[in-house]
Amino acid sequence: MSENTVPASVAMLKVLENWGVDHLYGYPGGSFNSTMAALADEKDRLKYVQIRHEQVGAMAASADAKLTGKIGVAFGSAGPGATNLLTGLYDAREDHAPVLALVGQTGTGVMNTHFFQEFNEDPIFEDVSVYCRTVMTAQSLPHVVDQAIREAYEHKGVAVVIIPNDLGYEQIPDLPYGSHGSSDIKEAPKVEPTAAEIEEFLDMVQKAKRPVFHVGRGIEDGGDAIIELSKKLQIPIVMTGLAKGHIDESYEGNLGMSNRAAHKAADEIMASADLLITIGADFPFADLIYQTHQFKFIQVDNNRVELGRHHDLDLGIWADATAFVRAALAKAEQVPARPFMQAAIADNKNWREYMLAKEEDQTAPIKPAAIYKQINRIAEKDAVFSIDVGDNIINAFRHLHVSKDQKMVISALFASMGTGLPGALAAKMSYPDRQAIQVAGDGAFSMIMQDLITEKKYQLPIINVITSNTTLNFIKSEQDDVPMHHSGIQLADQNFAKIADGMGVEGIEIRDPADLRAAFDRAVEVTKAGRPFLIDVKISDERTLPVEELQLQQEGDHFVESVNPSYNANLDLEQPKNLRDFLDDYGGQSLKTLPEFFEEYGVKL
């Protein structure tokens with residue numbers, strides 16, 4: 001037993017350091033002062049990032065974990081400080097990000113007396129966490145935190161440790177309490193598919209006429225391999241949003257994303273598939289998209305719990321996504337040119353030409369696609385993008401170029417607004433030498449814009465792009481297709497550039513498309529000098545082409561494409577007369593329908 005002692009809170013922080021944590025986010029409160037005292041003692045080894053709202057801290061910790069795979073850490077004091085953490089923690093839970101939340105509690109001497117800001121915090125955090133404990137003794141504090149980190153990594157989720165304030169001050173033996181060791185950094189064994197599973201997969205592909213890959217983030221570093229398999233078996237690729245950046249989007253057989261934040265070709269091809277092969281995909285809209293028509297279903301996932309969750313299985317394969325793809329490549333023979341694949345590529349090329357035209361559009365008011373053209377132009381080869389929830393998800397999925405050397409972070413399954421700025425904070429804290437660009441709508445940014453001052457305080461050179469149209473446009477589009485009047489979606493206008501200036505952050509407001517290039521050049525200049533910059537772009541509130549409203553139905557030996565009858569059901573809108581009018585309303589005169597491509601390439605049903 002060591003004769004030296006240390007405050008329990010310091011011993012706890014040394015556990016974090018032992019696990020490789022070098023920064024954490026939070027906001028002080030009286031019930032967390034023992035840990036604040038320890039942070040002052042450990043300031044040379046552990047950076048405390050003072051955010052202005054605990055939600056931002058939890059969101060940033062979640063983004064840290066998503067970007068790096070390492071545990072993110074945030075804290076809040078008892079009462080409102082604790083409850084403010086929840087939105088960010090739920091974001092981590094839904095996207096399977098390892099996060100540790102340290103939560104303050106009143107001292108043990110006044111617990112259970114209805115003391116100021118005291119409440120039973122355990123049930124509040126039970127649902128969001130994979131591990132939740134209230135510390136009972138000072139000496140157990142570092143042990144509990146050490147175990148919490150292990151649980152967060154093991155279950156890819158949130159671990160919560162509730163700390164009565166007085167326990168952190170108590171002296172305990174100065175011992176190495178952390179259990180982190182070399183075994184913790186070993187790569188976990190990959191689950192390999194069997195030879196029989198590969199044979200059955202290839203047999204089902206051979207019998208199919210219209211097979212489609214639906215690939216998720218589980219593909220990890222196997223993007224080049226899935227492209228090679230796509231070419232070999234003549235199967236087009238559709239991605240989930242989280243796979244963006246893992247698979248080269250310049251590949252002609254990569255059709256992009258499906259559903260609402262989608263590419264037209266991807267939605268159409270998915271709707272025509274007679275065999276759908278999902279690989280490492282956690283797709284939150286599967287229960288809708290996978291039920292549009294009948295098809296054979298193959299699912300590959302390294303988590304057996306996921307198999308069959310969203311569709312009846314014809315073949316379920318428990319395997320690592322990339323291991324499966326490489327095993328399939330080794331056994332597969334080259335398939336002759338498949339008309340279905342040729343039609344998919346032609347459909348994709350047609351859609352890409354349409355998207356490029358949107359990016360080149362210089363008419364006022366500014367179109368969102370023109371903004372992404374500038375982001376693509378100035379983005380460095382290892383840039384980190386943080387995209388907030390709303391229409392920017394649709395536009396980023398369509399127009400943002402993300403290479404395998406770059407990173408993109410979003411709130412995917414929880415889809416919480418206000419995650420753009422916290423994600424950018426995480427990008428600069430985890431990768432200080434890489435360019436960080438966040439894009440947020442005016443609705444989302446308004447929720448957390450107080451933490452622009454955090455960028456200023458720590459001189460974080462982040463490019464903040466705010467797309468402002470005084471409308472909750474993502475919700476407006478949903479209301480477009482419901483028999484109601486538009487309601488509650490209009491926002492009061494704000495000059496975000498002036499707000500930024502009041503915080504000491506240089507900003508510029510842009511209304512003319514001709515001014516975009518110079519604004520982004522200035523953003524690069526300022527951030528290279530080590531300061532944050534904000535561009536407030538006043539954009540159009542026009543709806544982008546809602547490809548999810550396209551419907552494909554088989555009639556006899558051919559497909560018929562139409563517009564969902566619920567499209568523009570809003571009482572304030574008019575419905576198009578036909579599919580051609582629908583496409584033309586969005587400047588899609590050049591767009592062709594999938595049945596046209598099927599006829600052109602002789603696709604037989």
Side-chain angles (χ1 to χ4, degrees), residues 13 16-17 20-29 32 35-36 38-68 70-77 81 84-85 88 99-100 102 380 382-386 388 407 409 418-440 445 447-466 496-497 499-507 522-535:
L13 295 184
L16 298 185
E17 296 160 13
V21 175
D22 60 11
H23 66 275
L24 77 172
Y25 310 89
Y27 203 68
F32 206 72
T35 304
M36 297 310 302
L39 284 169
D41 290 344
E42 293 298 299
K43 63 182 180 181
D44 293 334
R45 290 167 289 278
L46 183 61
K47 184 177 180 64
Y48 160 52
V49 182
Q50 180 202 71
I51 42 74
R52 293 302 183 94
H53 195 289
E54 292 88 352
Q55 175 177 308
V56 169
M59 287 175 168
S62 177
D64 269 331
K66 295 177 196 179
L67 288 168
T68 68
K70 298 177 181 178
I71 195 158
V73 184
F75 67 77
S77 58
N84 283 346
L85 292 168
V99 166
L100 171 66
L102 303 175
E380 297 177 359
D382 62 350
V384 183
F385 307 104
S386 179
D388 217 317
K407 288 179 179 288
V409 63
T419 54
L421 189 152
L425 292 178
K428 291 308 295 184
M429 297 308 302
S430 293
Y431 302 106
D433 297 327
R434 296 173 69 164
Q435 184 187 46
I437 303 172
Q438 74 114 344
V439 188
F445 185 66
M447 292 183 173
I448 47 78
M449 63 184 178
Q450 76 284 332
D451 268 281
L452 190 63
I453 195 65
T454 304
E455 296 183 17
K456 168 65 175 177
K457 177 174 182 174
Y458 296 102
Q459 287 298 299
L460 300 176
I462 294 167
I463 297 176
N464 301 274
V465 182
I466 313 305
F496 293 107
I499 292 170
D501 183 66
M503 295 187 188
V505 173
E506 184 176 343
R522 179 60 181 165
V524 171
E525 180 184 355
V526 171
T527 51
K528 282 188 176 297
R531 305 188 306 275
F533 191 82
L534 181 142
I535 308 175

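In this chain, numbering begins with 1 at the start of the sequence shown.
In summary, of the residues considered (T454, L452, I448), a side chain to side chain contact (heavy atoms under 4.5 Å, CB included) with R52 occurs for T454 alone. Exactly one residue among I466, I462, D501 makes a side chain to side chain contact (heavy atoms under 4.5 Å, CB included) with L534. That residue is I466.
Considering all non-hydrogen atoms of both residues, E455 and P532 come closest at OE1-CB, 3.4 Å. Contact detail for G72 and D64: the closest heavy-atom pair is CA-CB, 4.3 Å. Scanning all heavy atoms of the two residues, the minimum distance from P28 to S77 falls at O-OG, 4.5 Å. When all heavy atoms of R434 and A383 are compared, the pair lying nearest together is NH2-O, 4.2 Å. Considering all non-hydrogen atoms of both residues, A63 and G423 come closest at CB-CA, 3.7 Å. Across every non-hydrogen atom of K66 and V409, the tightest pair is CD-CG2, 3.9 Å.
Here the side chains of V21 and L100 are not in contact, with every heavy-atom distance at 4.5 Å or above. In this structure, F385 and K407 have side chains that are not in contact, with every pair of non-hydrogen atoms separated by 4.5 Å or more. At a threshold of 4.5 Å between non-hydrogen side-chain atoms, the residues V49 and L425 do not count as touching. Looking at heavy atoms from C-beta onward, T35 lies out of side-chain contact with F75 at the 4.5 angstrom threshold. Two residues are said to be in side-chain contact when any heavy atoms from C-beta on lie closer than 4.5 Å; S430 and L67 fail this criterion.
Going from atom CG of L102 over to atom OH of Y25 covers 14.0 Å, rounded to the nearest 0.5 Å. The distance from atom OG1 of T419 to atom CD of Q438, rounded to the nearest 0.5 Å, is 9.0 Å. Here N464 contributes atom CG and F496 contributes atom CZ; the two are 11.5 Å apart, rounded to the nearest 0.5 Å. With rounding to the nearest 0.5 Å, the separation of CD1 in I463 from OG1 in T527 is 4.0 Å. Interatomic distance, NE2 of H53 versus CD of Q450, reported as 6.5 Å (0.5 Å rounding). Atoms CE and CG, from M447 and L421 in turn, are 14.0 Å apart once rounded to the nearest 0.5 Å.
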* To do: Let me see the working for Y458 and K428 under side chain to side chain contact (heavy atoms under 4.5 Å, CB included), right down to the final yes or no.
  => CA-CA 10 Å; Y458 296 102; K428 291 308 295 184; over 6 Å; no
* Tell me, with the steps shown, if V524 and F533 meet side chain to side chain contact (heavy atoms under 4.5 Å, CB included). => CA-CA 9 Å; V524 171; F533 191 82; over 6 Å; no
* Could you walk me through whether L39 and L24 pass side chain to side chain contact (heavy atoms under 4.5 Å, CB included), step by step? => CA-CA 10 Å; L39 284 169; L24 77 172; 3.7 Å; yes
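Side chain of D388 to backbone of G418: a donor-acceptor contact under 3.5 angstrom is found. Under a 3.5 Å cut-off, the side chain of Q435 and the backbone N or O of E380 do form a donor-acceptor pair. Judged by distance alone, with hydrogens and angles left aside, the side-chain atoms of Y48 form a donor-acceptor pair with the main-chain N or O of G26 at under 3.5 Å.
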